[in-house]
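Throughout, a chain's letter reflects where its sequence line sits, starting with A, and its residues are numbered from 1. Hydrogens, waters and symmetry mates play no part in the numbers below; they use all other heavy atoms, side chains included.
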There are 2 protein chains.
Amino acid sequence: MFELDVRSRKPIYEQLIDNIKELIVTRVLQPDEKLPSVRHVSKELTINPNTIQKAYRELERQGFVYSASRKGYFVAPIDWISNQGKLEEMKEQFQPLLKEAIYMGLTKKELIRWFEEAEKEGGEAGDSGPESDQNI
Amino acid sequence: MFELDVRSRKPIYEQLIDNIKELIVTRVLQPDEKLPSVRHVSKELTINPNTIQKAYRELERQGFVYSASRKGYFVAPIDWISNQGKLEEMKEQFQPLLKEAIYMGLTKKELIRWFEEAEKEGGEAGDSGPESDQNI
DNA sequence: AATTCTGTATTAATAAAAATAATACAGATG
DNA sequence: CATCTGTATTATTTTTATTAATACAGAATT
C-alpha cells in the first residue's frame with residue numbers, strides 16, 4: 001500500500017506521512033475510509049508498529065485523519081482537510097505584519113530562516129525541498 | 001567581562017549572544033567599540049575560541065556587530081541595532097502565526113510569494129542592512 | 001469466553017544533529 | 001620576527017530525534 005525509499009535520508013515516519021497525505025488528497029483514500037492497521041503496515045513494510053503510529057498520530061494532529069479508539073484510523077471528512085480557505089485568511093493576517101517587517105529591513109533570506117525555525121519547532125513534517133509543493 | 005552560568009542547559013554560545021546583546025543594547029558597549037578578542041574571552045572563560053567565534057558570527061548575522069577581518073569584532077552602528085532589535089521583536093510576533101500557518105499547510109514557496117506581494121504593494125525596503133553573510 | 005484484531009504506553013537502543021573542543025593556518029600589526 | 005587578530009578543518013562530546021522491543025487493554029468476531 002505504501003512505498004518507502006530506504007536510501008532516502010528522510011525518516012520513514014515522514015515518508016509515510018507524505019505518502020498518505022498524497023493518497024488522501026488525490027482521493028485514492030476516501031473520507032471515512034479505514035487506513036491499514038498499524039500492525040498490518042508494520043508487517044508489510046517490516047518496520048516497527050510504533051513508527052506507523054507516529055505517522056498516524058501526526059496525521060491526526062494535522063487533521064488528515066481521525067482515530068476511533070481501538071478501531072483504527074480513518075480518513076478525515078473533506079471539510080477538515082481542505083484548509084485552503086483558512087490559509088487565505090492567514091495571508092490577510094500576514095500581509096500587514098509582513099509589510100511592516102519589510103519596511104524595517106526584513107529580507108527574504110531572513111524570512112525563510114524564520115520559516116525553517118518555525119517548521120522545526122512546531123508542526124509540519126515535510127522536507128519542503130526544491131519541488132515538493134504540498135498543497136492541501 | 002561576560003558571565004556564564006555553567007549549570008544552565010542553554011548552550012554557552014547562546015549565553016554569550018544574550019550577554020553581549022544586553023551590553024550593546026544598554027550602551028555599556030558603545031558603537032564601533034571593539035569586542036574582546038576571540039582568544040581573550042577564550043582564556044578568560046576557559047572555553048574554546050571557536051565557541052566565542054560562533055557567538056560573534058551569529059551576532060554579526062543578526063546585525064549587532066560587524067567584523068573587520070583580522071582586526072576584530074566591533075559593535076555595530078546604532079541605526080543597525082535599533083532596526084535589528086525591532087526585527088527580533090517582529091520575529092516573536094511572527095513565530096506563532098507562522099507555526100499555525102505551517103500547520104495548515106503553508107509552504108516555503110507560498111510564503112515567499114506572500115513576501116514578494118507585500119514587497120510590491122507596500123514596504124519600501126530593498127536589501128541592505130546586515131544581511132551580509134559570509135564576507136571574507 | 002477465547003482468540004484475534006485494534007490502538008497505546010513505557011522503555012530501550014540506535015541514528016542523527018548540535019555543541020564544543022583541538023589544532024593549524026594566514027593576514028595584520030608593531 | 002613575534003604576537004596579535006580571525007578563520008578553516010576536523011574530531012570529540014553531548015543532546016536530541018528516530019526507531020525498535022515489549023507489554024498492556026479494549027473491541028470485534030467466532
Any side-chain N or O of Q53(A) below 4.0 angstrom from OP1/OP2 of dT8(C)? yes
Carboxylate-amine/guanidinium proximity below 4.0 Å for K91(A) and E117(B): yes
Have Y13(A) and N50(A) got a donor and an acceptor in their side chains that come within less than 3.5 Å? no
Is a side-chain donor-acceptor pair under 3.5 Å present for E58(A) with Q62(A)? yes
Can you check the K34(A) NZ to dC5(C) P distance for me, whole Å? 12 Å
Closest nucleotide of DNA chain D for R9(B) versus for H40(B): which of these residues is on the 5' side? H40(B)
Kindly say if T51(B) contacts the phosphate of dA19(C), meaning a side-chain N or O under 4.0 Å from OP1 or OP2. no
Want to settle it: does P36(B) or K54(A) sit nearer the 5' end of DNA chain D, counting the closest nucleotide to each? P36(B)
Protein-nucleotide distance (L59(A), atom CG; dG7(C), atom P), rounded to Å: 13 Å
With respect to the phosphate group of dT6(C), does any side-chain polar atom (N or O) of S37(A) fall under 4.0 Å of OP1 or OP2? yes
Length of the line joining L16(A):CG and dT19(D):P, which is rounded to integer Å: 9 Å
Would you say that T51(A) contacts V41(A) through its side chain, given a criterion of any heavy-atom pair below 4.5 Å between the two side chains? no
Could you check how far CG of L35(B) sits from P of dC4(D), rounded to whole Å? 19 Å
In whole Å, I'd like the distance from the CZ atom of R61(A) to the C1' atom of dT8(C). 19 Å
Quick check: do I20(B) and Y56(B) have side-chain heavy atoms less than 4.5 Å from each other? yes
Which atoms of nucleotides 21-24 of chain D (N or O only) lie under 3.5 Å from a protein N or O atom, and what are those distances?
residue : atom : partner : partner atom : Å
dA21(D) : N7   : N48(A)  : ND2          : 3.3
dA21(D) : N6   : N50(A)  : ND2          : 2.1

dT19(D) C1' sits how many Å from L4(A) CG, rounded? 13 Å
Using whole Å, what does the distance between atom C1' of nucleotide dA20(D) and atom OH of Y13(A) come to? 15 Å
Y73(B) side chain: which of dA21(C), dG6(D), dA27(D) is closest? dG6(D)
For Y56(A), report the nucleic acid contact type (base, sugar-phosphate, nothing); a contact means any heavy atom under 4.0 Å. nothing
Measure the spacing between CD1 of I24(B) and CZ of F64(B) and express it to the nearest 0.5 Å. 7.0 Å
Is K71(B) close enough to dT29(C) that one of its side-chain N or O atoms is under 4.0 Å from OP1 or OP2 there? yes
Roughly how many Å is it from CD1 in I47(B) to C1' in dT12(D), rounded to a whole number? 17 Å
Counting only side-chain nitrogens and oxygens, does S69(B) get under 4.0 Å of the OP1 or OP2 atom of dG6(D)? no
Would you verify whether the NZ or CZ of K108(B) falls within 45 degrees of the ring axis of F115(A) while also being under 6.0 Å from that six-membered ring's centre? no
